[in-house]
*Asks:* 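Quick one: the structure is below, questions incoming.
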Amino acid sequence: MLEELLERAEAHIPKGYDPTLYKIRHSVAHIMAQAVVERFPDAKPTIGPPIEDRFYYDFEMSKPPHEDDLAWIEDRMREIIKGRHRFEVREVTHEEALALFEDNPYKIELIEELISQNGATPLTVYQHDSFIDLCRGPHLPHTGYIKPNGIKLLSIAGAYWRGDAKRTQLTRIYGTAWKNRTQLDEFLRHIEEAKARDHRVLGRKLELFMFSDKVGPGLPMWLPAGATLRETLIDFLRNEQLRRGYEHVSAPHIGHLDLYKTSGHYPYYSDSQFPAMETHEMDGYLLKPMNCPHHVLMYAHKRRSYRDLPVKLAEFGQVYRYEQTGELGGLTRVRGFTVDDGHIFCRHDQVEEEIRDCVDLALQVLSALDFKDFSVQLSLRDPDNHEKYTGSEENWNASEEAMRRVVDEMNLDTHEELGEAAFYGPKIDFKVRDALGRSWQLGTVQLDYNLPERFDLWYTGADDQHHRPAMIHRAPFGSLERFIGVLIEHCAGAFPFWLAPEQVRVMSISERFVDYAREVLDKLQQDGLRATLDVRSEKIGYKIREAQLLKIPYMVVIGAREVEQNHISVRARSGDDLGSMSMDSFLEFIHKERFPSMNGGSD
RNA sequence: GCCAACGUAGCUCAGUGGUAGAGCAGCUCACUCGUAAUGAGCAGGUCGCCGGUUCAAGUCCGGCCGUUGGCUCCA
C-alpha cells in the first residue's frame with residue numbers, strides 16, 4: 001500500500017526532470033515552508049512546487065519577509081535538514097483533510113477542488129518533523145538525503161493566488177536546491193555568466209541602443225551601431241521577401257479610430273493601447289498598435305482578380321502598445337517596436353502553400369542567425385471555450401488542420417498548445433530562449449478569416465463572382481527590437497561578420513604609418529565594408545584591446561613591415577593572428593562571410 | 001497594474017546624521033610604441049524628483065518617477 005502510494009507519486013515527476021533533483025526541490029520546499037511558518041506563525045502555506053532549476057512556495061502573510069528573515073529561514077532549513085526527519089506519507093479521507101487544514105482557506109479550496117475532480121480517490125499528506133502538507137509527492141525518504149550546502153534562497157516576489165490578479169496577492173519565496181555544493185555553485189556561476197551576455201548590458205557596452213526617461217519607458221532609441229544592425233537585418237529580410245514575391249508598402253503611424261473599430265481591435269485591446277488622441281474631430285486618432293488594418297485597406301483599394309492572388313504586402317512597421325509597466329524590460333518587451341509585418345491575401349486553395357512559404361522564411365531567418373535551439377509551437381483554440389474566438393467552426397477546423405499538415409510535412413518538432421490561438425485564427429510560433437532561460441516568441445505565422453470578413457474583402461473568381469480571400473499574418477523576426485535583444489544574447493555581442501556594425505578596424509602602430517592606414521581604410525570602404533580607423537597615439541595593445549571589447553570581427557594592424565610590403569596584418573576577434581597578406585587576399589578571405597547564409601529553410 | 005529590491009560622476013560601485021569618494025572612460029601633456037590596458041596631471045556630481053523630520057539629510061520618514069526580478073511548468 002505504501003509502495004503503491006510512492007509509485008503513484010513518482011508518476012507526477014515531469015518527463016525530462018531528474019527525479020532525484022525533483023524530489024530534493026520538492027522536499028526542500030516543504031522544509032522552507034516549515035521554517036517560514038516558524039518565523040512567521042501567521043503565514044499560511046499555499047502551494048510550493050519544484051520548477052526548472054529551482055522551487056518556490058507561496059504564502060499568505062501579513063508582512064513580507066526581509067532579507068535578514070531570509071537568512072534566518074535559510075539557516076533554520078539547514079538545521080531541519082540535519083535532523084534527518086522522515087517524510088511520512090499517508091492517505092487521508094476528505095473529511096480528515098478538511099479538518100487538518102481547517103485554518104487554511106487555500107488548502108481547503110484545493111481540497112474541495114480535488115474532491116470534485118477526483119471523486120473518491122483519497123488525498124495524500126506528507127509530514128516531516130513538525131510540518132504537514134497536502135501533497136501528492138514524491139519526496140525523499142528523509143531530510144538527510146539533502147546536502148545543507150546545496151540549497152539557497154534566491155528572491156521574494158508577489159504572486160497572485162492561482163495566477164489571478166483579482167485574487168489575493170501572496171508572497172512567493174524562490175529558492176534552489178542541488179545534489180551538492182558543486183552543482184549549486186555551478187548553477188550560481190551560470191547565472192552570473194548569463195548576466196554578462198544580458199542584452200541590456202551589452203547594448204550599453206557596444207553602444208547599440210539607449211532609453212531615456214525623457215522619451216519614456218519602453219521606447220528604445222537606436223544608436224549608430226544598433227541602427228546599423230537593424231538596417232542590415234531589414235535589408236536581409238527585404239531582399240529575401242522580394243525573392244518570395246512580396247511587395248513592400250508603407251503606412252502612417254496613426255490611424256483614425258474608426259479603422260480599429262472596423263478591424264475589431266478597438267475597444268477590446270484598449271488596455272494595451274496608448275489612449276486615443278484628442279482632436280477636434282469626432283473620435284480622434286490612435287497610435288497604430290498593428291499594421292494589419294492598413295494593409296487590408298491597401299488590398300481593398302482596387303479590384304482583385306483570382307489571377308492576382310496571392311497579394312503579399314510587407315512593411316517594417318513601427319507600432320505602439322501600452323504594455324503594463326511591470327512587463328517592460330530591455331528590448332524584449334517594449335512599448336514602441338518594429339514588426340517585420342507581412343500580410344498575404346490568397347485563395348483558400350493557396351493557403352497551405354503560403355503557410356509553408358512563411359514557415360520556410362521564418363526557418364531561414366533563424367538559420368541565417370545560427371539559432372538552432374528554438375521551439376515551434378502550434379497555437380490552437382481552447383476546446384472548452386469556443387466563444388473566445390470569431391469565425392466559423394468550419395474555417396477554424398480547416399485552418400488548424402492546414403497548419404498541422406504544414407508542420408508535419410516540414411518535419412518540424414512541434415508542440416501543440418491549446419488556448420494559445422489568436423482570437424481570429426491559429427498560429428505557428430517560433431520561440432527562442434534568452435540568456436536567463438526565459439522563452440520569447442519571435443517569429444509567427446497566423447491564419448485569419450476574420451479581418452477579410454470585417455472589411456468585406458473580396459476578389460473576382462474565374463466564375464465572375466465575389467469570393468472572400470484568406471489572410472495570413474506573418475513576421476519572421478516578430479519584432480526587430482525583441483529579435484535583436486535575443487540575438488545579442490545568443491551571440492554574446494559577437495555578431496556574424498555580415499551583421500557586425502563595425503566589420504574591420506584599421507589601426508596604426510605609430511603616427512608614421514597614418515597615411516598608409518588611411519589608404520587601407522579607404523580601400524576597405526570603397527569595397528563596401530563598414531570599416532573605421534584608429535590612429536590615436538596609443539600603444540597597439542591598447543587599440544587591440546578596445547577593438548576586442550567591441551567584438552569587431554577583424555583588426556588590421558599597420559606598421560613598418562606592412563608599409564614596406566604593401567600588405568596588411570590581420571587579427572581575428574577569436575584572437576587568431578592571421579598574419580600578413582595583401583588587401584586582395586584579405587577581401588577574398590572574408591568574401592564568404594559578407595552575406596548571410598542562404599541555406600536556411602527547406603531550399 | 002500588484003509584490004520586492006534598487007536609483008550617488010558617462011560606466012561599475014564605495015560611502016547608514018556632521019564640508020561628496022575610487023577605478024575605468026573623458027580632456028591636457030609626455031612617450032612613437034608590433035597583437036587584450038604607457039605614465040603624469042586636470043576636469044567631472046542639485047547623491048532620480050518633490051515634500052517632511054533635524055541645529056544638520058546622499059544617509060531617517062512619506063509621495064512620485066524610473067530600473068530590475070517575479071505575478072498558475074497548478075496538492
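Note that these values count all heavy atoms, side chains included, but never hydrogens, waters or copies made by symmetry. We name chains A, B, ... by the order of the sequence lines, and we start the count at 1 in each one.
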*Asks:* Measure distances between side-chain N and O atoms of A:Tyr322 and base N and O atoms of B:G1, and say whether any donor-acceptor pair falls under 3.5 Å.
*Replies:* no

*Asks:* With a 4.0 Å cut-off on heavy atoms, is A:Thr171 in touch with a base, just the backbone sugar-phosphate, or nothing at all?
*Replies:* nothing

*Asks:* Apply side chain to side chain donor-acceptor pair (under 3.5 Å) to the pair A:Thr124 and A:Glu91, showing each step before the final yes or no.
*Replies:* CA-CA 4 Å; A:Thr124 54; A:Glu91 286 193 331; over 6 Å; no

*Asks:* Between A:Gly216 and A:Arg204, which residue's closest nucleotide on RNA chain B lies nearer the 5′ terminus?
*Replies:* A:Arg204

*Asks:* Of all the choices, B:A37, B:C71, B:C33, which nucleotide is nearest to the side chain of A:Arg172 once you look at every atom?
*Replies:* B:C71

*Asks:* With a 4.0 Å limit, can you tell me whether A:Arg571 has a side-chain N or O closer than that to the phosphate oxygens OP1/OP2 of B:A36?
*Replies:* yes

*Asks:* Check every atom of B:U32, B:G26, B:G69 against the side chain of A:Arg536 and return the nucleotide holding the closest atom.
*Replies:* B:G26

*Asks:* When you match A:His66 and A:Leu114 each to their closest nucleotide on RNA chain B, which lands nearer the 5' end?
*Replies:* A:His66

*Asks:* If I take atom CZ in residue A:Arg25 and atom P in nucleotide B:C74, what distance separates them, rounded to the nearest angstrom?
*Replies:* 14 Å

*Asks:* Which value, in whole Å, describes the distance between the C1' atoms of nucleotides B:G21 and B:U59?
*Replies:* 15 Å

*Asks:* What integer number of Å spans the P atoms of B:C61 and B:U46?
*Replies:* 25 Å

*Asks:* Which residue, A:His30, A:Gln34, A:Arg86, forms the side chain to side chain donor-acceptor pair (under 3.5 Å) with A:His128?
*Replies:* A:Gln34

*Asks:* Nearest of B:U38, B:A75, B:G1 to any side-chain atom of A:Cys135?
*Replies:* B:A75

*Asks:* Can you measure A:Arg505 atom CZ to B:G34 atom P for me and round it to whole angstrom units?
*Replies:* 20 Å

*Asks:* Considering just the side-chain nitrogens and oxygens of A:Tyr160, establish if one lies under 4.0 Å of OP1 or OP2 belonging to B:G1.
*Replies:* no

*Asks:* Looking at the side chain of A:Leu134, which of B:A75, B:U32, B:U38 is the nearest nucleotide?
*Replies:* B:A75

*Asks:* Salt bridge or not between A:Arg162 and A:Asp164? Use side-chain N to carboxylate O under 4.0 Å.
*Replies:* no

*Asks:* OP1 or OP2 of B:C74 versus the side-chain N and O atoms of A:Arg136: is any pair under 4.0 Å?
*Replies:* no

*Asks:* Pick base, sugar-phosphate or nothing for A:Gly48, based on heavy-atom distances below 4.0 Å to the nucleic acid.
*Replies:* nothing

*Asks:* Which part of the nucleic acid, if any, lies within reach of A:Gly559 when heavy atoms closer than 4.0 Å are counted: base, sugar-phosphate only, or nothing?
*Replies:* base

*Asks:* Would you say B:A36 has OP1 or OP2 under 4.0 Å from some side-chain N or O of A:Arg573?
*Replies:* no

*Asks:* Identify whether any heavy atom of A:Leu549 sits under 4.0 Å from a base atom; if not, whether one sits that close to sugar-phosphate; answer base, sugar-phosphate or nothing.
*Replies:* base

*Asks:* Taking A:Glu109 first and then A:Arg167, would you say they form a salt bridge - that is, a charged N and a carboxylate O separated by under 4.0 Å?
*Replies:* yes

*Asks:* Heavy atoms from C-beta onward define the side chain here; which of B:A36, B:G34, B:G69 lies closest to that of A:Ala157?
*Replies:* B:G69

*Asks:* Which value, in whole Å, describes the distance between the P atoms of nucleotides B:G41 and B:A25?
*Replies:* 15 Å

*Asks:* Just how far, in rounded Å, is P of B:G66 from CG of A:Leu328?
*Replies:* 9 Å

*Asks:* Starting from P on B:C3, measure out to CD on A:Gln324 and report it in whole angstrom.
*Replies:* 13 Å

*Asks:* Which part of the nucleic acid does A:Glu113 contact within heavy-atom distance under 4.0 Å: base, sugar-phosphate only, or nothing?
*Replies:* nothing

*Asks:* Is it true that the side chains of A:Glu593 and A:Tyr554 contain a donor and an acceptor less than 3.5 Å apart?
*Replies:* yes

*Asks:* Atom CG of A:Leu418 to atom C1' of B:C74: distance rounded to whole Å?
*Replies:* 17 Å

*Asks:* Tell me which nucleotide among B:C33, B:A75, B:A36 gets nearest to the side chain of A:Ser510.
*Replies:* B:C33

*Asks:* Tell me which nucleotide among B:U35, B:A75, B:U32 gets nearest to the side chain of A:Arg512.
*Replies:* B:U32

*Asks:* Grab the CG-C1' distance between A:Asp434 and B:G69 for me, whole Å please.
*Replies:* 12 Å

*Asks:* OP1 or OP2 of B:U68 versus the side-chain N and O atoms of A:Arg200: is any pair under 4.0 Å?
*Replies:* yes

*Asks:* Taking only the C1' atom of each, what is the distance from B:G45 to B:C60 in whole angstrom?
*Replies:* 22 Å

*Asks:* Atom NZ of A:Lys205 to atom C1' of B:C11: distance rounded to whole Å?
*Replies:* 10 Å

*Asks:* For A:Pro217, report the nucleic acid contact type (base, sugar-phosphate, nothing); a contact means any heavy atom under 4.0 Å.
*Replies:* sugar-phosphate

*Asks:* When the C1' atoms of B:G7 and B:C49 are considered, how many whole Å apart are they?
*Replies:* 11 Å

*Asks:* For the side chain of A:Lys107, counting heavy atoms from C-beta on, which of B:A36, B:A75, B:C71 is nearest?
*Replies:* B:A75

*Asks:* Report yes if the distance between the aromatic ring centroids of A:Phe131 and A:Tyr126 is under 6.0 Å, otherwise no.
*Replies:* no

*Asks:* Which part of the nucleic acid does A:Ala547 contact within heavy-atom distance under 4.0 Å: base, sugar-phosphate only, or nothing?
*Replies:* nothing

*Asks:* Can you check the A:Phe55 CZ to B:G70 P distance for me, whole Å?
*Replies:* 16 Å

*Asks:* Assess whether one donor atom and one acceptor atom, taken from the side chain of A:Arg162 and the base of B:C74, lie less than 3.5 Å apart.
*Replies:* yes

*Asks:* Which nucleotide wins on minimum distance to the side chain of A:Asp577, given the candidates B:U35, B:C73, B:U38?
*Replies:* B:U35

*Asks:* Distance check: side-chain N/O of A:Tyr542 vs OP1/OP2 of B:A25, anything under 4.0 Å?
*Replies:* yes

*Asks:* I'd like to know if A:Lys23 pairs up with A:Glu10 as an ion pair, taking the criterion as any Lys NZ or Arg NE/NH1/NH2 lying under 4.0 Å from an Asp or Glu carboxylate oxygen.
*Replies:* yes

*Asks:* Would you mind telling me which of B:C74, B:G70, B:A36 lies closest to the side-chain atoms of A:Ile47?
*Replies:* B:C74

*Asks:* Determine whether a donor-acceptor pair (one donor, one acceptor, N or O, separation below 3.5 Å) exists between the side chain of A:Glu562 and the base of B:G34.
*Replies:* yes

*Asks:* Can A:Glu538 and A:Arg545 be counted as an ion pair, charged N to O under 4.0 angstrom?
*Replies:* no

